[in-house]
Amino acid sequence: MPPSFSDKDKRMTMEEAVSRFVRDGDVLYLGGFLHGEPYAAAHEIIRQGKRDLTLSTAAGTLLVDQLIGAGCVRRLITSYCWNPIPAPTHAFRRAVERGIPHPLELEEYSLLGLSLAYFAGALNLPFVATKTMLGSSYLEKQGFLGDRKLRVMDSPFGDGPVCLIAPLRHDVGIVQLQRSDPRGNGQAWGLLGPTKYGLQCCDRVIVCAEEIVEEDKIRTDPNRTLIPGFRCCAVVEEPWGAHPSYIQGYYDRDWRFAAEYERETRTEGGFKQFLKKWILKTKNRKEYLKLLGKDRLTALRGGRRVSSSVSYGLYEGFGEP
Amino acid sequence: MPPSFSDKDKRMTMEEAVSRFVRDGDVLYLGGFLHGEPYAAAHEIIRQGKRDLTLSTAAGTLLVDQLIGAGCVRRLITSYCWNPIPAPTHAFRRAVERGIPHPLELEEYSLLGLSLAYFAGALNLPFVATKTMLGSSYLEKQGFLGDRKLRVMDSPFGDGPVCLIAPLRHDVGIVQLQRSDPRGNGQAWGLLGPTKYGLQCCDRVIVCAEEIVEEDKIRTDPNRTLIPGFRCCAVVEEPWGAHPSYIQGYYDRDWRFAAEYERETRTEGGFKQFLKKWILKTKNRKEYLKLLGKDRLTALRGGRRVSSSVSYGLYEGFGEP
Amino acid sequence: MDGVASDRKPSDRERMVVAAGRLIRDGERVFVGTYWPIPAALFAKRSHTPRSVLLFEGGLVCSALPPRIPLIASDPTLLAASELAGDVFDTLGALLHGGRADVGMLSAHSVDRYGNINTTCIGPYESPNVRLAGSGGACDFGSLAPRLILMMEHDPRRFPHRIDFITTPGHLGGGETRLQAGLPPRRGPDQVVTTLGLFGFDPESREMVLEGVYPGVTVEEVRREIQWSLRVSPYLVEIPEPTEEELRILREEVDPYGMFLRDRRISSTP
Amino acid sequence: MDGVASDRKPSDRERMVVAAGRLIRDGERVFVGTYWPIPAALFAKRSHTPRSVLLFEGGLVCSALPPRIPLIASDPTLLAASELAGDVFDTLGALLHGGRADVGMLSAHSVDRYGNINTTCIGPYESPNVRLAGSGGACDFGSLAPRLILMMEHDPRRFPHRIDFITTPGHLGGGETRLQAGLPPRRGPDQVVTTLGLFGFDPESREMVLEGVYPGVTVEEVRREIQWSLRVSPYLVEIPEPTEEELRILREEVDPYGMFLRDRRISSTP
């Protein structure tokens, strides 16, 4: 049983969070679904040279590409890996096609299939049965999970062949979201993907937030909380931590960056230069943002569109009518 | 494939909604989990004398008791039926113990088991596997669902015996929640129980809301929407529609009412008097509330505790940086 | 608020609530069932487990104190104390079935010698003499909680030779039978706290064993309340009376209106 | 915003987007895959399906128009048009697997004669010559959508004799093979809209059949783009050119920046 961290202020730097809680060989879950990808955390993982990770994420983009190209990843669990502009993620391709910088083992699902595997892992269900993926090559091409991934059987309830999906489990998970309190009660809004269930599969959760707010503010709207604070081991305040992905209400996706990345990383040498410039030579997120420049950030801020507030009520005593 | 109702104003009276969309013999899902129980709708079902319903709900309370005592229910799918004060729900007991007003067939699960059956029904999954309920009598006492409810098998992934839960499906579902737009994009906050999944199992959904608001207001905070409007067939504006249950932020549970109900309905005659006074002799919710009295309602209003608002951002063009 | 003075002698129920509360350790994540677990968990939180987190089956995670005592596990007052409000899968799903909670607390109607709980029916299921509430989340607590504490008021009918329906699995037939049924290892009821004393379970046979009694309660008195031939621990202890401070917390802070302790919740004007 | 005037001749891509959009009926609940389905679904909504509801795999339900054209299915601009923002289970789960949507639209990399789609790899899976993106929600669309429309730009490599990986099941080996695999009945690809014309599937053999070509396109031209021996419908039609109004909507309202239609999305300064 993992320990309870419920009552502690768990704020720390990204450097400390990654150094303490991400270990070589871990099964590492990265939250987000094109929205809310934890780039700042991934860059710190690259800086610290973590190795032999099994990466699990709903959909890989530049983020996964960078971790692969930097040599951190030995195995990848995902539904997808591509640059959304759309174009290839070249480091991913080099790894799969040519074993550069080293071979990559794959375990793939459809997005719904993977989300169900996360759901099963979150609840520790023995498996979930589905009709998706039947007839596809996913049933034949099982990778390093072997027979602990999918099985086809005849439904005992008479629905014909069904696909059984086994639970996934993660050692550590990282999410970048809008706000959190110092204990890790993280809140997210906008498109949520399968992030809640992916995180719930994790023994340790690192919450990276655009803003740290008081616990009382979290309690004004507890329906937005993705995962309870006691499931969290570290809280990192990291504004712009999802760039070039986006955080709903905070900043837009940096489309130009994705297009530049695609061109610059077509060769191994180009990728190494990118890596050096944006990740290895920047000590932390602050330096990365400085390199990016204020104007670029300003251009990515959208307009404000504010939610109507609601009342949760206050029920204090047992008065007479 | 049920038709799309996406673009219509579906507001109508409770009388019309129940008369058009709840049919004798239906499998009827009632939303809520002690919070947000749709009393106004249930009372209208009693007034219209609907018969032979199969009632499905996460936890039965006075609401289910009244529908049973009034003779509307032939079969009940639930995890629980009791008066939360706590005390027996006497009409439920009379039906089960003595077949009054007529026998009641039961199909019971644990709350998590039932929630998983709703989840499977919502997604139309062939089944879900779990470790809960193993060793309990729920495995032996399968009722009218027969072998379309639960099965125990050895997990092909090597987890020993597991319990397979088949999906549940509902003809029509009713939910009482905080607010909705005229198309049925209903929003709820507070404790959510398994209501989202229970509703998603329904072919027709009746949304009863404390308030009807503009569609634009719903769009300021789309993360609160429980189920999309196109899944909804009728929208009823029904303030205090959950009394004596509660709606978070609108009114408290009427504990005194539950205690009075318990005493008054111990006998069949007492139940009939209650039924006459509160349901049959009131033509609609307005008359019920009048009978209850303004002072009693006022006493149930809690204080206000307002959520901090958040921005979803506005992303309009593709400007140069 | 009459009679909250801490010099009044503790009632049986107060002893039970305090004894159950003392079993909770600080920082634990506690699944709180409806009825007696509510004052017990809140008592613990106000006395010695300020960092415990209270979990409720309908989807709430609370590490703060609610403005008033909740009357059920789905009371609207809890939202002011919640850092997470979600659905059944957030709590019973990811925390209980997912194995991320520490302990569950349940009120039980009747229990057999292996801690199997019946809250469904007396007599045959299909045509019972007395029909009871059913499970709610109780069966889930019993199936899955790593540690399980039951709370019960005494009455010989509540401790029968055999129960007619296993609503919540305890140790089933004792020994390894629970494991054989496929339930997760190292779980099942650990303690039963009643209005007379405290019971544990034999680590081999999994049979209920009397381990403690309140001051002035005799083993014979307990045996009279239990239909089977009760085993008594060789290390039977006297459970210390609630301290003055414990009583003060319970009466003045946890349940000042006497909703649970003086049955005010079931009078018509609470 | 150069060149939006509707007197410019329609491009192949514009023909494809308009032809695909025309297949959507008003009020339909449309799963919109990333890339070409985005302008096609928005074109339909702005021209003849104002009441269609756009569904996105990550958890969005939108019946309003977004402030700008979304570049992917998870674009932040969509939140201003969404009446529901949730998770994968709200859309791919309850609406797609749950059977509450009408149609799915997908961009495909390559497709075989039975409409099976490969977006995973060319060459053996374990050591491919070319590695592609993978499924995302595409396999789910193909497995489950009651009606499925594929969109593809022509290139003979995109219509090979056989594909190396079934990312998204079409009609598998044709005939009843899809049903035999356990996939839900009455599903699988219905139409393939390309930059040359429109294909359907034979109701018995489930083989792709050319059903329409754009003005000026010959059957021979289409055959050259397809590696297998293509069947042509005896009722082959000429697909009407986009009308002036359709082109105006597409160029001025749907994609005024040319993000899709003039590849502005992949230039470095969008």
Side-chain angles (χ1 to χ4, degrees), chain A residues 1-8 118-126 167 169 180-187 192 196-205 213-232 310-321, chain C residues 25-30 49-55 59-64 66-71 75-103 144 146-147 182 184 186 256-259 264-265 267-270:
Chain A
M1 185 77 34
S4 169
F5 304 101
S6 63
D7 202 42
K8 280 197 291 191
Y118 289 156
F119 181 78
L123 275 66
N124 198 21
L125 303 178
R169 294 189 183 88
S180 173
D181 67 20
R183 303 191 306 148
N185 290 299
Q187 299 199 320
L192 300 175
K196 179 192 269 197
Y197 302 109
L199 276 183
Q200 285 172 335
C201 300
C202 301
D203 285 344
R204 307 185 292 281
V205 172
V213 299
E214 294 286 314
E215 199 174 312
D216 283 353
K217 194 164 182 178
I218 296 295
R219 287 225 173 75
T220 66
D221 206 354
N223 284 116
R224 296 205 200 276
T225 307
L226 208 59
I227 189 163
F230 70 77
R231 296 281 282 104
C232 164
V310 305
S311 174
Y312 279 83
L314 186 63
Y315 305 96
E316 295 183 291
F318 302 99
E320 298 295 297
Chain C
R25 297 184 280 256
D26 199 14
E28 284 191 318
R29 299 149 301 182
V30 187
T49 71
R51 302 183 308 138
S52 62
V53 184
L54 309 189
L55 310 172
L60 303 182
V61 175
C62 306
S63 58
R68 71 177 184 211
I69 190 166
L71 297 181
D75 191 297
T77 197
L78 285 168
L79 268 286
S82 301
E83 55 266 30
L84 184 149
D87 63 20
V88 168
F89 294 144
D90 283 296
T91 51
L92 285 189
L95 298 177
L96 187 65
H97 207 299
R100 310 287 178 176
D102 298 295
V103 55
L144 303 165
R147 207 150 66 79
R186 292 177 303 282
Y257 292 92
M259 300 306 283
R264 294 291 302 276
R265 58 194 270 138
S267 70
S268 70
T269 53

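Just so it is clear: chains get the letters A, B, ... in the order the sequence lines come, proteins before strands, and each one is counted from 1. For the numbers below, each heavy atom of this structure counts, side chains included, while hydrogens, waters and symmetry mates do not.
Inter-residue side-chain proximity for C/V53 and C/C62 is flagged as unmet; no heavy-atom pair is nearer than 4.5 Å.
At a threshold of 4.0 Å, the pair C/D90-A/K196 counts as salt-bridged, since one of the basic side-chain nitrogens sits closer than that to a carboxylate oxygen. Under a 4.0 Å N-O distance rule, the pair C/E83/A/R183 qualifies as a salt bridge. For A/E214 and A/K217, the salt-bridge test fails: no basic side-chain N is under 4.0 Å from an acidic carboxylate O. Between C/D102 and C/R25, no side-chain nitrogen of the basic residue sits less than 4.0 Å from a carboxylate oxygen of the acidic one, so the salt-bridge criterion is not met.
Checking C/S63 against A/R219 by side-chain atom types alone, a donor-acceptor pair falls below 3.5 Å.
Only the side chain of A/N185 comes within less than 4.5 Å of a heavy atom in chain C; its backbone stays farther off. Heavy-atom distances place both the backbone and the side chain of C/A64 under 4.5 Å from chain A. With a 4.5 Å cut-off on non-hydrogen atoms, C/L95 touches chain A through its side chain but not through its backbone. If you measure heavy-atom distances from A/L125 to chain C, the contacts under 4.5 Å come from both the backbone and the side chain.
Counting heavy-atom pairs closer than 4.5 Å to chain A, the top-ranked of the candidates C/L92, C/L84, C/T77, C/I69 is C/L84. For the options A/N124, A/L314, A/L123, heavy-atom pairs under 4.5 Å to chain C are most numerous at A/L123. Between chain A and the residues C/P67, C/P50, C/S82, the most heavy-atom pairs under 4.5 angstrom are made by C/S82. Chain A forms the most heavy-atom pairs under 4.5 Å with one residue out of C/A80, C/A85, C/P66, and that residue is C/A85.
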